[in-house]
Structure formats: structure tokens, C-alpha cells
There are 2 protein chains.
Amino acid sequence: MQDTPPGRPTLETVARLAGVSRATVSRVVNGSTAVKPGVREAVARAVRELGYVPNPAARSLVTQRTDVVAFVLPEPATRVFSDDAFFPGVLRGVGEELEAADKQLLLLLASAPSSHERILRYVHGRTVDGVVLASLHGADPLPASLEALGVPVVASGRPLGPATFPYIDVDHAGGVEAAVRYLLQRGRARIATIAGPQDMVAGIDRLAGYRAALAGTDQEPLVAVGDFTRESGMVAMRRLLQEEPGLDAVFVASDLMADGALRALRQAGRRVPDDVAVIGFDDVEIARFTEPTLTTVRQPIAEIGRRLARQVLRRAAGEDIEPALVLPTELVLRESA
Amino acid sequence: MQDTPPGRPTLETVARLAGVSRATVSRVVNGSTAVKPGVREAVARAVRELGYVPNPAARSLVTQRTDVVAFVLPEPATRVFSDDAFFPGVLRGVGEELEAADKQLLLLLASAPSSHERILRYVHGRTVDGVVLASLHGADPLPASLEALGVPVVASGRPLGPATFPYIDVDHAGGVEAAVRYLLQRGRARIATIAGPQDMVAGIDRLAGYRAALAGTDQEPLVAVGDFTRESGMVAMRRLLQEEPGLDAVFVASDLMADGALRALRQAGRRVPDDVAVIGFDDVEIARFTEPTLTTVRQPIAEIGRRLARQVLRRAAGEDIEPALVLPTELVLRESA
DNA sequence: AAGGGGATTGAGAGCGCTCTCAAAACGCAC
DNA sequence: GTGCGTTTTGAGAGCGCTCTCAATCCCCTT
């Protein structure tokens with residue numbers, strides 16, 4: 001019997017059992033090639049026998065890496081985190097990609113505005129190798145602060161101001177334009193829109209797409225603004241109906257709001273799509289279950305997450321990455337338009 | 001000018017600037033009382049001036065703590081992660097509580113069954129101080145393996161077999177019984193149920209509650225089984241209608257399935273609640289937006305998350321904790337019943 | 001058989017922090 | 001002033017791992 005010291009086995013323990021030095025065990029554990037097959041096998045056996053697992057803290061201390069990537073969800077996004085399928089979807093994509101790369105996912109749900117300080121502290125303390133930022137509102141100072149600390153940052157969504165850091169986004173305007181053109185092409189004569197918050201690029205760009213599509217026509221834009229929630233969609237739809245009872249189509253900047261809008265339309269006695277055509281944006285699960293089912297602009301949610309992770313990892317590995325990656329959207333036809 | 005060494009400041013740097021020893025700086029940073037006010041102030045100033053942030057890896061190496069808690073979402077749960085409000089809701093609760101305790105949240109989304117090994121590795125490597133397990137299916141070997149490694153584990157949901165580890169759950173059966181009793185009391189004469197998966201305690205217990213409520217009556221149980229998704233709720237409802245066209249009420253084991261059931265009822269031309277009363281379970285956001293709005297059994301989702309975190313932290317701190325914590329549920333009356 | 005060169009291996013120096021233990025400093029009673 | 005009991009402070013030993021650098025092997029070549 002080996003007299004194994006008590007407690008978790010360390011490199012030293014393994015080395016002793018295998019009759020080699022710590023350095024050699026380290027080489028085997030980290031897959032270095034410069035180890036003779038026989039020795040490698042003996043070490044591997046010792047590792048297995050002892051159930052050795054490297055201590056990540058010790059490793060980080062010397063490598064200066066942690067193999068951890070933070071996913072930061074700022075306050076406003078946290079609020080809708082469990083009501084919306086978007087962030088969980090992105091998060092899942094990020095998780096998938098990180099798992100594939102054997103990195104860990106640290107989730108920072110900033111439930112209070114004060115969490116900013118906490119986030120910076122983590123990053124400053126080199127707790128993480130990189131940061132994925134979800135959902136930036138307005139002129140968030142966070143990305144700049146992070147960049148200043150020299151940590152790779154990739155954001156979901158183009159920032160409002162000048163982009164001083166890489167981001168992934170989808171072609172909001174293009175997708176919306178296609179959707180509104182589709183409505184025009186089907187003969188809709190009075191197309192309104194329920195826009196998203198105008199302090200978020202997603203809100204702004206989708207509205208811009210709507211305006212762009214209408215620009216070449218004789219239709220005047222008709223806009224109500226919501227905040228991406230169902231309630232706001234309902235309220236906005238009612239307002240639009242009141243303002244323009246004759247509208248026969250509406251592009252809604254999110255599926256959740258579209259669901260609310262459908263409800264308001266139903267309550268107002270309008271038939272969809274006969275009286276009013278509705279097109280949403282996102283293509284989250286609910287779109288397949290509204291009544292009627294929702295025609296919508298699909299954005300590749302999980303793919304956004306995967307790309308975010310991939311870019312931040314590449315950046316952390318010292319690679320240069322594209323300052324922006326814009327993923328395509330796609331009009332998905334269902335019953336509502 | 002101080003000649004500050006380049007790179008991140010360490011304890012040493014701070015110590016030199018403040019003219020004290022490393023130990024003293026450590027004491028100040030960690031809030032030990034045994035430091036003279038004057039010295040403490042000088043050290044604090046140096047810390048501020050240098051922007052010193054402790055290196056968590058170095059700290060973990062000696063303290064044997066990481067201040068990280070893992071939230072593990074097994075494969076099946078990951079699949080529904082972005083379509084359901086339950087797990088994101090629990091996760092949010094966990095995040096809140098951990099933030100308050102200044103702990104970090106490591107998210108392990110097990111996208112493949114093979115991730116088990118990965119999870120164990122993290123835990124074994126002492127990457128985390130504790131583990132919160134969400135959604136255990138059947139006889140999952142994971143908690144036992146984790147316990148064996150001596151890591152505090154707290155599960156969301158009572159395990160199927162004998163509970164060898166602490167868990168938090170809600171009073172499924174009690175809540176359902178109350179709901180079905182309510183239906184009985186309102187004169188419903190043929191009450192069916194759409195149950196959840198029978199390899200999950202939530203599925204089993206809710207069905208048991210239904211049976212229990214019917215036990216004292218002359219009604220025979222009428223059961224269809226779903227898997228907590230909307231689709232399965234729709235399918236199950238159709239099956240029930242076919243089997244028993246005369247049913248006048250249905251308790252559905254999740255809001256998402258209830259939403260599907262409502263749709264199936266509408267398509268079958270049944271009015272809710274006039275022809276058929278519907279009660280769901282969960283009280284997620286969608287319950288307030290179905291048509292008609294959904295009467296449902298509320299479970300305190302975020303609170304479950306908070307309790308999970310609290311218990312695992314207490315356990316990690318060496319405290320003894322309750323082997324089980326059962327939170328109450330509550331019938332929320334809306335339009336559907 | 002000797003010499004050279006690449007392949008393997010091991011010794012040892014940290015990485016930045018905590019914590020024990022002993023020394024130094026201080027306060028106070030006498 | 002002396003002595004004793006507290007505080008307060010500092011020195012130094014690791015925590016477990018990686019990585020450089022030098023030593024040792026081995027295998028050819030001549």
C-alpha cells in the first residue's frame with residue numbers, strides 16, 4: 001500500500017506515486033508531448049488511482065488565466081430576465097460555446113445599479129478572462145471602464161454611441177424593412193408600428209427599418225412606443241387603434257409586444273390577419289403559440305450567444321477580431337400576416 | 001513620486017507605499033480590527049491610490065475557499081431553459097441572494113449528458129464552495145457523487161428516492177388539492193388533469209394532489225400526461241376531450257401546458273370557463289396574458305432561488321441546515337376558473 | 001569507442017495571499 | 001522607573017502549480 005497523505009492529492013502526491021518529478025506530472029496533465037510514452041502511462045495511472053484533479057486556483061495564480069468568462073446582464077435586462085426568452089436564449093448559446101471550449105461561465109446578474117462596482121471589481125481582480133455584455137442601454141459607462149482595464153469585452157448589440165469595443169448584432173433594420181415591404185406588397189395601406197425603447201439600438205434600428213420601408217411610399221409613419229413587454233404592446237396597440245382606427249397592419253418590434261398587441265386587437269374586435277396584419281420580431285417560442293400564430297422576423301438568438309462567446313475567447317487568446325459581426329435576420333411567415 | 005512597480009499592484013506594493021508589512025495590509029483589506037486607526041487609514045489610502053484589488057486565485061489557494069457557488073442545470077432542464085420562465089426565475093433568485101452575500105454564481109448548463117463528468121471535475125477541483133442543483137430527473141446519480149466529494153449541495157425539488165441531501169420544494173400536492181377542491185366546490189362534475197412527467201417529483205406530486213382531492217368524491221380520475229411544454233399541453237387536452245367529451249374542468253400541472261390546453265379547447269369550440277374551467281400551476285408571466293387569463297397555483301419561484309442560495313451558503317459556512325424546506329403555494333384566481 | 005545533438009527529466013524559483021508565531025510597542029499599576 | 005499584560009506589527013512559511021534552465025539520457029555518426 002502506498003502511504004497516501006491525507007486530503008486532496010496534489011501534483012506532489014502523484015509525482016511520488018509515479019516515481020517522477022512534479023514537473024513531469026504537470027507535463028502529462030497538461031498534455032505536453034515531451035514525455036516518454038512509458039512514463040506518461042505511469043503518471044496517468046497514478047492520476048487515475050489517486051483521483052487527482054488540478055487545483056485551478058494554484059494554476060491561475062501562475063498562468064494569470066482563470067478560464068472563466070463573465071456574462072453580464074445589466075439591471076434593466078435582469079428585470080425581464082425570466083419573462084423573456086431572449087436573454088436566456090443568448091445565455092444558453094454562450095454556455096454551449098464555452099462548454100465546448102472548456103471554459104466556465106460566471107453569471108453576473110446586476111440586480112441593482114450599484115452592481116457596477118462589483119462587476120468592475122471582479123474584472124479588475126482578474127477573476128475572469130473576458131466579459132460578454134448583454135443589452136446595453138444608452139451610454140453605459142461599463143464597457144469603457146472594462147476596456148480600460150484591458151479585459152476582452154464583447155457586447156451583444158451595437159452600442160449607441162461610437163463603438164469602442166467589438167459587438168455582435170443582427171441586421172435589425174434590414175429584417176424590419178423586409179417585413180414591412182412584405183406588408184406593402186400584400187396591399188396593406190395603413191401600416192403602423194409599435195417600436196421598442198428609443199434608448200436601445202434594437203429599438204432605434206427597428207424603427208428606422210420601418211421608416212425606411214415606408215419612405216418610398218405615400219404612407220405616413222404611425223408610431224407608438226413600447227418597452228418590449230407584453231403590457232406595453234397591449235397599451236400601444238390600443239393607442240394606435242384609437243389614433244388611426246383604419247390601420248390594416250402593424251409591425252411590432254418584439255414578439256412579446258406583438259402578443260400583447262394581438263390581445264388588444266382581439267379585444268377591439270379586429271380580426272388578424274383579415275382586418276389587421278401583424279408581424280413581430282424575435283421568433284421566440286411564443287410566436288408559434290399566439291392565436292393566430294405570429295409572422296415574425298427571426299433573429300438567431302442562440303447563435304448570437306455562441307458568437308459572443310467565440311469572439312471573446314478569440315480576443316482573450318490574443319487574436320484580433322472583427323469590430324462588429326452582424327447576423328442576418330429572416331422573415332418567418334405564419335398566420336398573422 | 002513613488003516608484004510603483006509596473007503591472008497590477010500586489011499586497012507588497014501597497015505595503016511598501018503605506019510603509020507597513022504585507023500582513024498589516026492584509027488585515028486592513030480583510031477588515032480585521034487589530035489595526036491602529038492611523039495605520040488603517042494610511043493603508044486604505046495606499047489601496048485607493050494604487051487601485052489595489054486582491055487576487056482571488058492567490059487568496060483561494062490559501063483559504064481553500066473560492067466564494068463561488070455553482071448553479072447546475074441538467075441536460076433536460078437546459079433544453080427548456082429559454083422557453084420556460086421557471087428556471088430563469090429560480091436562477092434570478094439565486095443570483096440575487098448570492099450577490100447580497102458577495103459570492104459569485106457559476107452557471108453550469110449541461111448541454112450534453114456527458115457534462116456530468118465536467119461538473120464533477122469542477123467540484124472536485126474545488127472550483128466551487130457549493131452547488132445548487134436544479135431540476136433532478138429520476139434517480140440522478142449526480143447529487144450522490146457530489147455529496148461524496150464533500151461539497152455542500154442543495155437541490156431544487158425533492159428527489160425521487162430517499163433524500164440524502166437537503167432540498168427546497170413547494171407544497172405541490174397541497175396546492176393542487178386546494179385548486180381541485182375549488183373546482184369541486186364550484187360544482188364541476190367531471191374534472192380531468194394534465195399531469196407532468198412522471199419521473200419528476202413535480203409531476204408526480206401534482207398528480208397525487210389531484211387524486212387526493214378527488215378521493216373523497218364520486219369522480220373518477222381522468223389523466224393525460226404531458227412534459228410541461230405547451231405542445232404537450234395541447235396534445236394532452238385534445239386527447240382528454242376525445243376520451244371524455246363531457247369534462248367540465250381540467251387541472252393542468254404547469255402554466256405553459258395550460259396555455260396549450262386553452263388553445264386546444266378554443267380550437268375544439270369549448271368556452272373557458274363556461275364549458276370547461278382550467279387551472280394551471282406556476283403563475284409565470286404568461287398566466288396573466290392567456291385568454292382568458294389563467295387561474296393558477298402560484299409557487300414562489302424567485303423565493304425558491306433565494307432559499308436555495310441561502311441554504312447552500314449556510315451549509316458551506318459549516319452550519320447545519322434543515323434537510324428540507326417546503327414553501328407554500330397559493331391559488332390565484334383569474335378568469336379561467 | 002568517442003563525441004555530438006536532440007529528447008527527457010528534475011530542481012527550484014516564484015505567482016500573491018493568509019496566518020501563525022514571536023517580537024515590539026504600549027498602557028498602566030506599583 | 002520597572003514589570004506585566006495587552007495590543008499591534010512583522011517575518012516567514014507555505015497553499016499547489018507552472019515554467020525556465022540545466023542536467024541527464026539516448027541514439028547516431030564518425
Side-chain angles (χ1 to χ4, degrees), chain A residues 4-44 46-47 50-68 121-122 124-129, chain B residues 4-44 46-47 50-68 121-122 124-129:
Chain A
T4 317
R8 250 159 68 66
T10 69
L11 266 194
E12 188 62 46
T13 327
V14 178
R16 221 144 44 206
L17 176 57
V20 297
S21 75
R22 233 165 48 239
T24 299
V25 179
S26 176
R27 281 189 266 264
V28 172
V29 168
N30 292 294
S32 159
T33 48
V35 177
K36 263 198 195 154
V39 176
R40 180 203 313 290
E41 185 37 49
V43 171
V47 164
L50 293 168
Y52 170 76
V53 176
N55 179 322
R59 182 176 279 175
S60 293
L61 188 54
V62 33
T63 60
Q64 305 279 41
R65 286 181 299 98
T66 57
D67 293 326
V68 175
R121 185 156 45 84
Y122 283 168
H124 203 166
R126 289 286 181 278
T127 307
V128 299
D129 292 346
Chain B
T4 317
R8 249 158 68 67
T10 70
L11 267 193
E12 189 63 46
T13 327
V14 178
R16 221 144 44 207
L17 176 58
V20 297
S21 75
R22 233 165 48 242
T24 298
V25 179
S26 176
R27 282 189 268 262
V28 171
V29 169
N30 292 292
S32 160
T33 47
V35 176
K36 261 198 194 151
V39 177
R40 179 202 315 289
E41 186 36 50
V43 171
V47 164
L50 293 168
Y52 169 76
V53 177
N55 179 323
R59 181 177 279 175
S60 292
L61 188 54
V62 31
T63 59
Q64 306 278 41
R65 287 181 300 98
T66 57
D67 294 326
V68 174
R121 185 155 46 84
Y122 283 167
H124 202 166
R126 288 287 179 279
T127 307
V128 299
D129 292 346

Of the nucleotides D:dG16, C:dT9, C:dT18, which has the atom closest to the B:Thr63 side chain?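 Of all the options, the side chain of B:Thr63 is nearest to C:dT18.
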
Of all the choices, D:dC17, D:dC15, C:dT9, which nucleotide is nearest to the side chain of B:Val62 once you look at every atom?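 From the listed options, D:dC15 comes nearest.
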
Phosphate contact ([N] OP1 or OP2) by [X] side-chain N/O below 4.0 Å:
X       : N      : result
B:Ser21 : D:dT9  : no
B:Ser26 : C:dT18 : yes
A:Asn30 : D:dT18 : yes
A:Thr10 : D:dG16 : no

In whole Å, I'd like the distance from the [atom1] atom of [X] to the [atom2] atom of [N].
X       : N      : atom1 : atom2 : result
A:Lys36 : C:dT8  : NZ    : C1'   : 7 Å
B:Arg65 : C:dT18 : CZ    : P     : 9 Å
B:Arg16 : D:dG10 : CZ    : C1'   : 15 Å
B:Glu12 : D:dG12 : CD    : P     : 12 Å
A:Arg40 : C:dA7  : CZ    : C1'   : 13 Å
B:Leu11 : D:dG12 : CG    : C1'   : 15 Å
A:Arg22 : D:dC15 : CZ    : P     : 11 Å
A:Leu50 : D:dG16 : CG    : P     : 14 Å

Looking at every heavy atom in both [X] and [Y], which two are closest together, and how far apart are they?
X       : Y        : result
A:Val29 : A:Pro54  : CG1-CG, 3.9 Å
B:Asp67 : B:Asp129 : N-OD2, 2.7 Å
A:Thr66 : A:Ser60  : CA-OG, 3.6 Å
A:Gln64 : A:Leu61  : OE1-O, 4.1 Å

May I ask you to say what B:Val29 touches in the nucleic acid, namely base, sugar-phosphate or nothing, with a heavy-atom cut-off under 4.0 Å?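 Result for B:Val29 = nothing.
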
Given the structure, check if the side chain of A:Arg27 and the base of C:dT8 hold any donor-acceptor pair shorter than 3.5 Å.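 Such a pair does not exist between side chain and base.
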
Is a side-chain donor or acceptor of A:Arg22 paired with a backbone partner of A:Leu11 at a separation under 3.5 angstrom?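 Side chain of A:Arg22 to backbone of A:Leu11: no pair is present.
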
Heavy-atom nearest nucleotide on DNA chain D for A:Leu61 versus A:Ala23: which residue maps closer to 5'?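 Between the two, 5'-proximity favours A:Leu61.
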
